[in-house]
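One structure below.
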2 protein chains.
Amino acid sequence: MELAEGKQKFIEAWGKLGSEWGINRTMAQVHALLLISADALTTEEIMDTLSISRGNANMTLRDLIGWGLIEKQHRAGERKEYFYADKDTWNIARQVAKERRKRELDPVLKVLDELANVKGEDKDPEFATFKKSIADINKLAKNVDKTLDTMLKAEESWFWGSIFKMFK
Amino acid sequence: MELAEGKQKFIEAWGKLGSEWGINRTMAQVHALLLISADALTTEEIMDTLSISRGNANMTLRDLIGWGLIEKQHRAGERKEYFYADKDTWNIARQVAKERRKRELDPVLKVLDELANVKGEDKDPEFATFKKSIADINKLAKNVDKTLDTMLKAEESWFWGSIFKMFK
DNA sequence: TTTAACTTTCAATATATTTTGAAAGTTTAA
DNA sequence: TTAAACTTTCAAAATATATTGAAAGTTAAA
């Protein structure tokens, strides 16, 4: 397989994976493109390569910056902005985990805590089932939260070392 | 907070979380409803409670069965089918992880392996960056795969025991 | 069998999300 | 200043996804 074809395939696969996990396909594709680019790219180059509009490219790049996955670069004597992706997969995974925890896990934990206070008759099976389910999910969510917290602070080598030890 | 209101809130929160993770909102809501129901429910009851159509309810219930999250029940002397959700959060997490691995991680691993064979000039920085990125992502993906594999075989207590030990 | 209770299908419709592109906004060099 | 180079915005259009509901299909009791 040629490099050009390989790049194409990677961008497609990354885009598909992203969309299956609730991430805008274009955003995942732009990220993929920058991931496999040795140099930083301009908005223009990204638009052309992926055949997307200026508005779309601009918004997507802003979002990616918001996710902490890419950054702007400036070159002496040039007005244009260049975009460059962090290539470290461990950082990427951490960044994504961090953002999603903030945006999604935190609100859910808040709701679950509220729901732990629902009042009712312990003899009522409907109430008992509700209570039990909420408590169990709460426990799982808090464990996930704690695990992410530690993971976010961890260094790569330390983390993988632990995973390997954990799973022999 | 009253039980009825709590149920409502939980169904909404679960639906929102699901949709943010690429799971159909209605599917997550039906799952939530069954999770907090002491008894198995009929299609009719689910339709009424969530205000969804018969077709939607039917398709969603089939999907949930496909994900291994709920099951049909039959009652002596009745034609109607009842639906019941597994209430064990550990099983739910495992089931979801299992399905998503099969549907999403496996295809990505396949593409990454193909992309590892892309030919090019080692001196070409574009080629070198591509190779490096693919290799790194491959490594991460394989680690995730291995971790999931072990997790899927694991018993709850064993798993959480390890997590706790891992993170003190 | 027949029939009524129940389930499934799917084309049409509705809703939600993404994308476009032209206009407005901003910045810097001359 | 002015004007050209560049970035941002956002209403409208396009696309993708989810939902409806009536008709077709299935099943089991009579």
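Just so it is clear: chains get the letters A, B, ... in the order the sequence lines come, proteins before strands, and each one is counted from 1.
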For A/Lys72, the side-chain contact (heavy atoms from CB on, under 4.5 Å) test, sequence neighbours excluded, returns A/Ile65, A/Glu81, A/Phe83

- Examine A/Tyr82 and A/Ile46 and state if one hydrophobic cluster contains both, with Ile, Leu, Val, Met, Phe, Trp and Tyr joined whenever side-chain heavy atoms are less than 4.5 Å apart. no

(message) Any salt bridge linking A/Arg101 with A/Asp149? Criterion: basic side-chain nitrogen under 4.0 Å from a carboxylate oxygen.
(response) yes

*Are B/Leu109 and B/Asp145 close enough that some pair of their side-chain heavy atoms sits under 4.5 Å apart?*
yes

Contact check, residues 34-50 of chain A vs DNA chain D, heavy-atom distance under 4.0 Å, returns none

B/Arg54 CZ to D/dG25 P, in whole Å, measures 18 Å

side-chain hydrogen bond (donor to acceptor under 3.5 Å, both in side chains) filter on A/Asp86, not counting sequence neighbours, yields A/Asn91

Quick one, A/Leu105 and A/Val144 - any side-chain contact, counting heavy atoms below 4.5 Å? yes

First and last nt of DNA chain C near chain A, cut-off under 4.0 Å to heavy atoms, 5' to 3', are C/dT18 to C/dT28

Check your understanding: When all nucleic acid strands are considered with a 4.0 Å heavy-atom cut-off, which category describes A/Arg25: base, sugar-phosphate, or nothing?
Key -> nothing

- Query: Does the pair A/Glu12/A/Lys16 count as a salt bridge with the N-to-O cut at 4.0 Å?
  - Reply: no

Ordered by number, residues from residues 69-84 of chain A within less than 4.0 Å of DNA chain D (heavy atoms) are A/Lys72, A/Arg79, A/Lys80, A/Glu81

**Request:** Please say whether the positively charged group of A/Lys87, taken as NZ for Lys or CZ for Arg, lies over the ring of A/Tyr84, i.e. under 6.0 angstrom from the six-membered ring centre and within 45 degrees of the axis.
**Result:** yes

Closest to the 5' end of DNA chain D, once B/Asn56 and A/Met59 are matched to their nearest nucleotides, is A/Met59

Residues at least two apart in sequence or cross-chain that pass side-chain contact (heavy atoms from CB on, under 4.5 Å) with B/Asn56, listed by chain then number, are B/Thr26, B/Ile52, B/Ser53, B/Thr60

>> Students often get this wrong, so: under 4.0 angstrom with heavy atoms, is B/Ser51 touching a base, only sugar-phosphate, or nothing?
In response: sugar-phosphate

Are A/Glu126 and B/Lys7 ion-paired here, with the side-chain N under 4.0 Å from a carboxylate O? yes

